[in-house]
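Residue numbering restarts at 1 for every chain, and letters A, B, ... go by the order of the sequence lines. These figures come from a predicted structure and were not determined experimentally.
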There are 2 protein chains.
Amino acid sequence: MSDLLERLRGRGWRMTAQRRVVAEVLDGEHVHLTADEVHARAVAKLPEISRATVYNTLGELVSLGEVLEVSTDQRAKRYDPNAHQPHHHLVCAHCGAIRDVHPVGNPMADLPDSERFGFTISDVEMTYRGVCPNCAAA
Amino acid sequence: MSDLLERLRGRGWRMTAQRRVVAEVLDGEHVHLTADEVHARAVAKLPEISRATVYNTLGELVSLGEVLEVSTDQRAKRYDPNAHQPHHHLVCAHCGAIRDVHPVGNPMADLPDSERFGFTISDVEMTYRGVCPNCAAA
DNA sequence: ACTTGCTTTAGACAATGTCTATTGTAGGAT
DNA sequence: ATCCTACAATAGACATTGTCTAAAGCAAGT
């Protein structure tokens with residue numbers, strides 16, 4: 001994702017300090033941050049950045065396919081910079097920790113025609129839930 | 001789900017007009033309503049029912065395992081009265097229509113040990129996304 | 001009928017996200 | 001190098017969804 005900024009510039013994205021900072025935050029650690037967490041870290045680098053800009057920028061990155069939006073809990077959306085390698089998620093039901101996982105098999109093929117109701121299916125999202133080792137120990 | 005009220009009474013649930021109405025709404029149509037949609041329909045049957053009561057009652061029904069909570073979009077949670085037959089969901093990316101579906105195979109078995117990170121996995125949630133026939137036609 | 005403890009209520013509050021009108025500025029044009 | 005203009009950022013109001021609290025109500029056992 002280090003060349004993210006180049007790719008975006010190539011697509012006609014106007015480069016601003018704010019957008020650079022948001023991209024840096026996402027690039028920084030490969031975790032799954034909420035929009036407000038991204039905002040908090042962006043503020044640390046560029047104190048005058050506004051909440052709306054972070055929300056807008058994240059929305060644009062999602063539209064451009066550079067970042068994925070995941071809703072593992074029913075609270076805030078989280079942003080996953082690992083958009084170019086398809087994957088699913090494993091979530092701790094207790095502490096909310098999230099790991100990227102890669103199940104074997106092709107879940108798209110597992111839905112029979114009779115269960116498709118005429119939909120044109122484009123995507124599957126799988127969320128495994130369980131308890132992580134830390135929470136199991138506690 | 002018609003004997004829901006009996007089951008709950010058997011579990012020591014105190015029966016009230018409000019709870020009866022919420023159960024009736026869920027029982028009424030097998031759709032996936034949001035909490036506020038449930039509230040709107042409940043008000044039609046019992047005008048003085050409050051929002052908090054609907055939220056509380058839905059939460060209790062979920063705890064009791066009588067209703068499932070699904071988050072197919074990242075907006076409001078939806079409540080699925082079809083809790084006793086495990087299933088997954090197919091969602092129209094355009095209009096948000098939701099269908100219950102039953103993929104073949106066992107997705108729990110599709111996550112290799114090496115991808116479990118020591119978690120004790122208890123559940124998988126699959127959401128297929130696509131475009132429904134209505135939206136495809138339009 | 002009485003009592004008790006569970007339920008309901010209204011509305012304040014909280015968290016997350018969206019929108020608007022104004023101000024700022026990136027980057028091409030001159 | 002400077003100017004222009006369209007796009008971007010800002011502050012803060014607003015919207016949606018959900019939670020909490022203190023007071024009043026009521027179901028069901030005695």
Side-chain angles (χ1 to χ4, degrees), chain A residues 4-25 32-64 66-80 96, chain B residues 5-25 32-43 45-64 66-80 96:
Chain A
L4 171 62
L5 295 178
E6 323 312 316
R7 281 208 302 283
L8 294 174
R9 208 191 308 266
R11 295 217 227 169
W13 222 47
R14 182 181 290 185
M15 192 48 51
T16 67
Q18 290 84 350
R19 288 175 169 183
R20 202 171 354 250
V21 164
V22 170
E24 279 171 21
V25 168
H32 301 79
L33 301 171
T34 65
D36 280 341
E37 285 165 355
V38 172
H39 179 236
R41 295 181 189 217
V43 164
K45 292 165 179 269
L46 184 69
E48 67 274 24
I49 193 171
S50 80
R51 218 162 131 274
T53 297
V54 171
Y55 274 85
N56 288 340
T57 303
L58 288 171
E60 286 158 16
L61 289 171
V62 169
S63 296
L64 292 169
E66 297 290 347
V67 167
L68 289 182
E69 213 170 57
V70 302
S71 332
T72 53
D73 54 11
Q74 48 286 67
R75 307 292 304 278
K77 297 175 206 170
R78 293 178 175 275
Y79 293 88
D80 186 339
Chain B
L5 295 178
E6 321 312 315
R7 281 208 304 280
L8 293 174
R9 207 190 309 264
R11 295 216 227 170
W13 222 46
R14 182 180 291 184
M15 191 49 50
T16 67
Q18 291 83 350
R19 287 174 169 182
R20 205 176 346 255
V21 164
V22 170
E24 279 171 20
V25 168
H32 301 78
L33 299 170
T34 64
D36 280 342
E37 285 166 354
V38 172
H39 179 236
R41 295 182 189 215
V43 164
K45 292 165 180 270
L46 184 69
E48 67 275 23
I49 194 172
S50 81
R51 216 160 132 278
T53 297
V54 172
Y55 274 86
N56 288 341
T57 303
L58 288 170
E60 286 158 16
L61 289 171
V62 169
S63 297
L64 293 169
E66 297 290 345
V67 166
L68 289 182
E69 212 170 59
V70 302
S71 330
T72 52
D73 55 11
Q74 46 288 69
R75 306 292 303 278
K77 296 176 206 168
R78 292 177 175 276
Y79 293 87
D80 187 339

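Rounded to an integer number of Å, the gap from Ile49(A) CD1 to dA8(D) P is 14 Å. Atom-to-atom, CG of Asp36(A) to C1' of dG17(C) comes out at 9 Å; the value is rounded to the nearest Å. Here the P atom of nucleotide dA28(D) and the CZ atom of Arg19(B) are 10 Å apart, to the nearest Å. In this entry the distance linking CD of Glu48(B) with P of dC26(D) reads 9 Å, nearest Å. Spacing between atom NE2 of His39(A) and atom P of dT18(C) amounts to 15 Å, rounded to whole angstrom units. Rounded to whole Å, the distance from CG on Leu46(B) to C1' on dG25(D) is 14 Å. In this entry the distance linking CG of Leu33(A) with C1' of dT16(C) reads 16 Å, nearest Å. The separation between Lys77(B) atom NZ and dA15(C) atom P is 15 Å, rounded to whole Å.
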Next item on the list: Report, as a single string ordered 5' to 3', how protein heavy atoms within less than 4.0 Å touch nucleotides 23-30 of chain C: B base, S sugar-phosphate only, - not at all.
Entry: --BBS---
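You'll find the side chain of Arg41(B) reaches within 4.5 Å of the side chain of Leu33(B), heavy atoms only. Inter-residue side-chain proximity for Leu4(A) and Glu6(A) is flagged as unmet; no heavy-atom pair is nearer than 4.5 Å. Side-chain atoms of His32(B) and Thr72(B), non-hydrogen and from C-beta on, never get closer than 4.5 Å to each other. Side-chain contact between Thr53(A) and Val22(A) is absent, with no heavy-atom pair separated by less than 4.5 Å. Residues Thr57(A) and Val21(A) form no side-chain contact, since every pair of their non-hydrogen atoms from C-beta on lies 4.5 Å or further apart. At least one side-chain heavy atom of Asp36(B) sits under 4.5 Å from a side-chain heavy atom of Tyr55(B). The shortest side-chain heavy-atom distance between Tyr79(B) and Glu69(B) falls under the 4.5 Å cut-off.
DNA chain C lies under 4.0 Å from at least one heavy atom of each of the following residues of residues 50-58 of chain A: Arg51(A), Ala52(A), Tyr55(A).
Pairs of residues two or more places apart, or lying in two chains, that qualify as salt bridge (charged side-chain N to carboxylate O under 4.0 Å, His left out) and include a residue from residues 53-64 of chain A are Arg19(A)-Glu60(A).
Across all their heavy atoms, Val54(A) and His39(A) have their closest contact at CG2-CD2, 3.6 Å.
Nearest to the side chain of Gln18(B), among dA9(D), dT8(C), dG18(D), sits dT8(C).
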